[in-house]
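Take a look at the structure set out below.
A, B, ... follow the sequence lines: proteins, then strands. Residue 1 opens every chain. Only a predicted model underlies this, so the values are computations on that prediction, with no experimental measurement involved.
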2 protein chains.
Amino acid sequence: MQDESYKKSKAEMLPDPVVCTVDVVLLTLREGSFCYALVPREQEPFQGVAALPGGFVHPAEDKDLRASAERVLRDKAGIQGVYLEQLAVFSGVARDPRGWSISVAWYTLVPLEALQAALATGVILREVADLGGLPFDHAEIVRVALERVRSKSTYSSLPVHLCPATFTLPQLQAVYETLLGEPINKVSFRRKMEELAFVEPIKGEFDSSGAHRPAQLYRLKAKYRSRLSLTDRGMNSGG
Amino acid sequence: MQDESYKKSKAEMLPDPVVCTVDVVLLTLREGSFCYALVPREQEPFQGVAALPGGFVHPAEDKDLRASAERVLRDKAGIQGVYLEQLAVFSGVARDPRGWSISVAWYTLVPLEALQAALATGVILREVADLGGLPFDHAEIVRVALERVRSKSTYSSLPVHLCPATFTLPQLQAVYETLLGEPINKVSFRRKMEELAFVEPIKGEFDSSGAHRPAQLYRLKAKYRSRLSLTDRGMNSGG
DNA sequence: AGAATAGTGTCTGTGAGACATTATCTG
DNA sequence: CAGATAATGTCTCACAGACACTATTCT
């Protein structure tokens, strides 16, 4: 499929090489507060500083940029199969002290339960209100991710990815309320969930953990489910 | 601001150079039909084939990727100062016969009046229903652009960029109806325009071109206006 | 029994669309 | 004056939110 004759002249056709990276904004809920994940940087610049999980694009290894982002998530947080969506490209001469660069940013929503291994091996969670001390333009990237997720959360199925595999409707409503930052009418919320129809009750299963009437357990319908799984390896084991 | 010591090691840190391009989906309305712009490719591969206006990123020349897209629009269509928004990144080994590449796609909405010079010098308009014969993954890029624009058009100010500097409300409504592909209730449309408040009537100015009651002329409010202007040069004059 | 939350029935105000009416031009 | 479209007034139905009530658990 590829024409090798083009490859020879590639260097001459490209005025300058471009540093291409991917960065992932991993969002989760911890005790009702909206958080993003950071990883200490292994190399200069900003070695040791907590930064968004990211890395160089490896054309020889990655089928495309989504594969690059998935590799970063696998290597740095030990998770795969999660909901992952492209956010935007951040570019220019000013964002990286090494010079002109491109970062293709992605965002993912993950339930805290899927992050236990990652948290045990160095991944940090920080509340989204705190964007201080981030290297490069990572604060701006998180800002744009939050804007996108909040904008997409108004009655879309997006926030459900922050819930574990099974959940109750009051739990799901609390997730929406945290993301949107305002209370939602219970009757309206349930009507909308019925209308959007991306969750289904699990017949006969209830959450009886409280001193009150048990709540029906729900799950994401099969066709909307991403195959979330944890890698058997720990994090940072990749090269 | 930049640390030169990093530059030396850049080549070693980058596993492989990546071909970085920008492509622009230029959308306009011609006689009530929604169209996108194509330009014959000057170089191999696909030399002579009509393709989206695009080109390599020039890190030495462009401040960032937006500047790259603006340069492409200036050089290939002779326009600048238009509404321009990032669409998505298209990447991978399969999209370009030269091998692994990245294209950062942008979209712009331009009134037909601003394209007269471009159309006289080789830019082609094609209806959005016809995506045949496009090189690379340009058909997919246009598809995604259409999806984005249509999705953003439901009562946002976006479609107004397809109108000339002054326009009537019935004209603006026709633009929305073309983009959305369905008729809109006149009273509701006017109520929404009043509520969104991004256009204002031009006192005392009317469109009296029809054999009926003249229509009030409107314009985009100053704070929403982009400084659209045509370059004095023709197209394709850039290096 | 009382506390707590889950879940549902019902009323009402807001707002979008349907319809009708008036306004103002050309020929 | 007839025809055409602009612009606006008004009615109605749907729906989101408010409120109230019932259900079911634990202590």
Residue-phosphate contact under 4.0 Å: [X] side-chain N/O, [N] OP1/OP2:
X: B:Ser188; N: C:dG17; value: yes
X: A:Lys186; N: C:dG7; value: no
X: A:Asn185; N: D:dA16; value: no

What integer distance in Å separates [X]:[atom1] from [N]:[atom2]?
X: A:Leu172; N: C:dT5; atom1: CG; atom2: C1'; result: 17 Å
X: A:Arg213; N: C:dG2; atom1: CZ; atom2: P; result: 21 Å
X: B:Tyr218; N: D:dA7; atom1: OH; atom2: P; result: 6 Å
X: B:Lys192; N: D:dT8; atom1: NZ; atom2: P; result: 18 Å
X: B:Gln171; N: D:dA7; atom1: CD; atom2: C1'; result: 15 Å
X: A:Asp207; N: D:dT24; atom1: CG; atom2: P; result: 17 Å
X: B:Met193; N: D:dA7; atom1: CE; atom2: C1'; result: 16 Å
X: A:Leu169; N: C:dT5; atom1: CG; atom2: P; result: 17 Å

- Query: Closest approach of B:Thr28 and B:Pro111, non-hydrogen atoms and distance?
  - Reply: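 Taking B:Thr28 first and B:Pro111 second, the nearest heavy atoms are OG1-C, 3.6 Å.
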
- Query: Counting distance only, does the side-chain N/O of B:Lys76 pair as donor-acceptor with the main-chain N or O of B:Gly54 below 3.5 Å?
  - Reply: yes

Nearest to the [X] side chain among [options], which nucleotide is it?
X: A:Ala211; options: D:dC26, C:dA18, D:dA7; result: D:dC26
X: B:His212; options: C:dC19, D:dA4, D:dA7; result: D:dA4
X: B:Pro214; options: D:dG17, D:dA6, C:dT24; result: C:dT24
X: A:Arg191; options: C:dG17, D:dA4, D:dG17; result: D:dG17

- Query: Got A:Val144 and A:Tyr107 here, is their nearest side-chain heavy-atom distance under 4.5 Å?
  - Reply: no

- Message: Using a strict threshold of under 4.0 Å (side-chain N to carboxylate O), is an ion pair present between A:Glu140 and A:Arg95?
- Response: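 The answer is no: the pair does not qualify as a salt bridge.
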
- Message: Check this for me: does any side-chain nitrogen of one of B:Arg191 and B:Glu194 sit under 4.0 Å from a carboxylate oxygen of the other?
- Response: no

- Item | Residue mapping more 5' on DNA chain D - nearest nucleotide basis, A:Glu195 or B:Gln216 | B:Gln216

